[in-house]
Enquirer: 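A single structure is presented below for examination.
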Amino acid sequence: MGAVNAQRMHADEVGIDAALVRRLIARRFPEWAGLPVRRLVSSGTENAMFRLGTELVVQLPRHPGAVPGVAHEQRWLPRLGPLLPVAVPEPVGRGEPDEDHPWPWSVYRWLEGANPTAGAVPGPRRLAEDLGRFVRALRRVPPGDAPAGYRGGALSERDAPTRAAIAELGERIDAAAVTALWERALRAPRHSGPPMWSHGDLSPGNVLVDGDRLGAVIDFGCAGVGDPAVDLMPAWNLLPAAARPAFREAVDADDAEWARGRGWALSVALIQLPYYWHTNPPLAANSRHVIGEILTEG
């Protein structure tokens, strides 16, 4: 899953370590108190992850902004999981705030697999097709009473923070070229169909692979309904250029949706890059990768 990231990334982040997790487990789930606890290798920014024994994983919010995701995943993952073609996290327990940790937290079944590396994906066409099938299956889930996706709105809503990130990056990127690409994305026709489910954060850190096949998708904290174009981001944050057509075909994305998806990938990378430049090197590296891939496409 990348490099261990125990470094503070947010000003309002709390400290979390294995000793704290052992105390939480002992109080809330004494039947698991004897299981070993170790911090997981992760480039995640919202939650700290600890393996509990061999079959469980503990996920704790690192800062207040991640707290709503606990109830969100506890509610929606059991409903989404049976409808999807690959494994997703299965909640098996929920911890409550106490003197050691101020927010609720979750315990999930352990999922096997490894995070792929952008630019070094074995069998990229098969992975592209698997990702496309996952996206299509998620889109087929009836929206019902689903919440709005964290990234389910119009690209125009991200214009100000995207331009601010470009300005902050300054000479570290080709600001003129990137701005032109962003403005092209903003001109793409808006989503005119019904709201659909999307994961909202299909990045390498949230994908688990088994060889060249997609094995699981994790971290549904951003999931919800809206414009599903955001789930096209793996075309640039993970897959090589040669595999993008297979992914696009599997998703069945038209020109307008593809343009919006590329805009999402660019905007997310630009906003993440200055924020995590020093505190999360793997995420910053992937952001630079996305920007480079989109610049190469022109």
Side-chain angles (χ1 to χ4, degrees), residues 1-18 20-21 38-51 57-70 73 89 101 103 105-106 111 113-121 150-151 158 161-162 164-173 178 199-209 216-223 230-231 233-239 264-295:
M1 293 184 185
V4 171
N5 193 3
Q7 182 175 354
R8 185 179 297 272
M9 290 178 284
H10 311 284
D12 53 358
E13 188 168 330
V14 299
I16 303 171
D17 59 20
L20 180 147
V21 174
R38 65 177 176 86
R39 192 168 195 132
L40 284 175
V41 179
S42 172
S43 59
T45 64
E46 301 299 292
N47 300 288
M49 307 288 287
F50 294 80
R51 191 162 185 181
V57 61
V58 183
Q59 176 177 296
L60 305 95
R62 299 175 70 134
H63 67 112
V67 175
V70 176
E73 288 196 325
H101 190 68
W103 308 306
W105 45 278
S106 295
L111 291 171
N115 295 129
T117 300
V121 178
Y150 174 71
R151 292 172 174 158
R158 298 177 64 86
T162 300
I166 294 171
E168 184 176 355
L169 285 164
E171 295 182 354
R172 289 179 285 182
I173 60 170
V178 165
H199 177 276
D201 194 17
L202 284 179
S203 62
N206 291 331
V207 169
L208 298 179
V209 296
V217 176
I218 63 174
D219 194 350
F220 281 68
C222 293
V230 65
D231 277 353
M233 290 195 298
W236 299 275
N237 70 26
L238 176 56
L239 298 170
W264 271 108
L266 181 61
S267 175
V268 169
L270 287 168
I271 292 172
Q272 286 179 344
L273 184 52
Y275 190 87
Y276 295 112
W277 187 279
H278 297 292
T279 60
N280 194 323
L283 190 58
N286 187 256
S287 296
R288 287 190 290 269
H289 173 84
V290 170
I291 294 166
E293 290 294 297
I294 294 176
L295 283 170

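The structure displayed is predicted, hence computed values, not measured ones.
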Enquirer: With side-chain contact (heavy atoms from CB on, under 4.5 Å) as the criterion, how do Leu60 and Phe50 come out once you've worked through the C-alpha distance, each side chain's angles and the decisive distance to 0.1 Å?
Expert: CA-CA 9 Å; Leu60 305 95; Phe50 294 80; 3.8 Å; yes
Enquirer: List the residues meeting side-chain contact (heavy atoms from CB on, under 4.5 Å) with Pro68, not counting sequence neighbours, and say none if there are none.
Expert: none
Enquirer: At their closest point, which heavy atom of Ala216 faces which heavy atom of Leu111, and how far apart are they?
Expert: CB-CD1, 4.0 Å
Enquirer: As a quick check of understanding, evaluate side-chain contact (heavy atoms from CB on, under 4.5 Å) for Ile271 and Thr162, giving each step before the final call.
Expert: CA-CA 6 Å; Ile271 292 172; Thr162 300; 3.8 Å; yes
Enquirer: Looking at Trp105 and Val58, what are the two nearest heavy atoms and their distance?
Expert: CE3-CG1, 3.7 Å
Enquirer: What salt bridge (charged side-chain N to carboxylate O under 4.0 Å, His left out) pairs are there with at least one residue in residues 274-294, not counting sequence neighbours?
Expert: Arg244-Glu293
Enquirer: Decide side-chain contact (heavy atoms from CB on, under 4.5 Å) for Leu266 and Trp236; before the verdict, give the C-alpha distance in whole Å, the side-chain angles of both, and the deciding distance to 0.1 Å.
Expert: CA-CA 9 Å; Leu266 181 61; Trp236 299 275; over 6 Å; no
Enquirer: Identify the two heavy atoms, one from Ala66 and one from Asn47, that lie closest to each other, and give their separation to 0.1 Å.
Expert: CB-OD1, 4.1 Å
Enquirer: Taking atom CD of Glu13 and atom CZ of Arg62, what is their separation to the nearest 0.5 Å?
Expert: 4.0 Å
Enquirer: Quick one: does Arg39's side chain have a donor or acceptor within less than 3.5 Å of a partner on Ile16's backbone?
Expert: yes
Enquirer: Are Thr45 and Tyr276 close enough, and set up right, to give a side-chain contact (heavy atoms from CB on, under 4.5 Å), and what steps lead you there?
Expert: CA-CA 9 Å; Thr45 64; Tyr276 295 112; 3.4 Å; yes
Enquirer: Using residues 199-209 as the side-chain source, report each donor-acceptor pair under 3.5 Å to any protein atom, sequence neighbours left out, with the distance given to one decimal.
Expert:
{"from": "His199", "atom 1": "ND1", "to": "Asp201", "atom 2": "N", "distance (Å)": "3.0"}
{"from": "His199", "atom 1": "NE2", "to": "Ile218", "atom 2": "O", "distance (Å)": "2.9"}
{"from": "His199", "atom 1": "NE2", "to": "Asp219", "atom 2": "O", "distance (Å)": "2.8"}
{"from": "Asp201", "atom 1": "OD1", "to": "Arg151", "atom 2": "NH1", "distance (Å)": "3.3"}
{"from": "Asp201", "atom 1": "OD2", "to": "Asn206", "atom 2": "ND2", "distance (Å)": "3.1"}
{"from": "Asn206", "atom 1": "ND2", "to": "Asp201", "atom 2": "O", "distance (Å)": "2.9"}

Enquirer: If I take atom CD1 from residue Ile291 and atom CG from residue Asn286, how far apart are they, to the nearest 0.5 angstrom?
Expert: 10.0 Å
Enquirer: State whether the number of non-hydrogen atoms from other residues, nucleotides or ligands found under 6.0 Å of Tyr275 atom OH is greater than 12.
Expert: yes
Enquirer: Output all residues satisfying side chain to side chain donor-acceptor pair (under 3.5 Å) with His101, sequence neighbours left out; order by chain, then residue number.
Expert: none
Enquirer: Residues two or more places apart in sequence or in another chain: which of them pass salt bridge (charged side-chain N to carboxylate O under 4.0 Å, His left out) with Glu73?
Expert: none
Enquirer: State whether the side chain of Asn237 and the backbone N or O of Ala118 hold a donor-acceptor pair below 3.5 Å, judged by distance alone.
Expert: no
Enquirer: Search all heavy atoms of Val57 against all heavy atoms of Met49 and return the closest pair with its distance.
Expert: CG2-CE, 3.9 Å
Enquirer: Write down the atom of Gln272, the atom of Ser287, and the distance for their closest heavy-atom approach.
Expert: OE1-OG, 3.3 Å
Enquirer: Looking at every non-hydrogen atom in both residues, tell me the closest pair between Arg158 and Ser267 and how far apart they are.
Expert: NE-OG, 2.8 Å
Enquirer: Listed by chain and number, what are the side-chain contact (heavy atoms from CB on, under 4.5 Å) partners of Ala223, not counting sequence neighbours?
Expert: His72, Trp197, Phe220
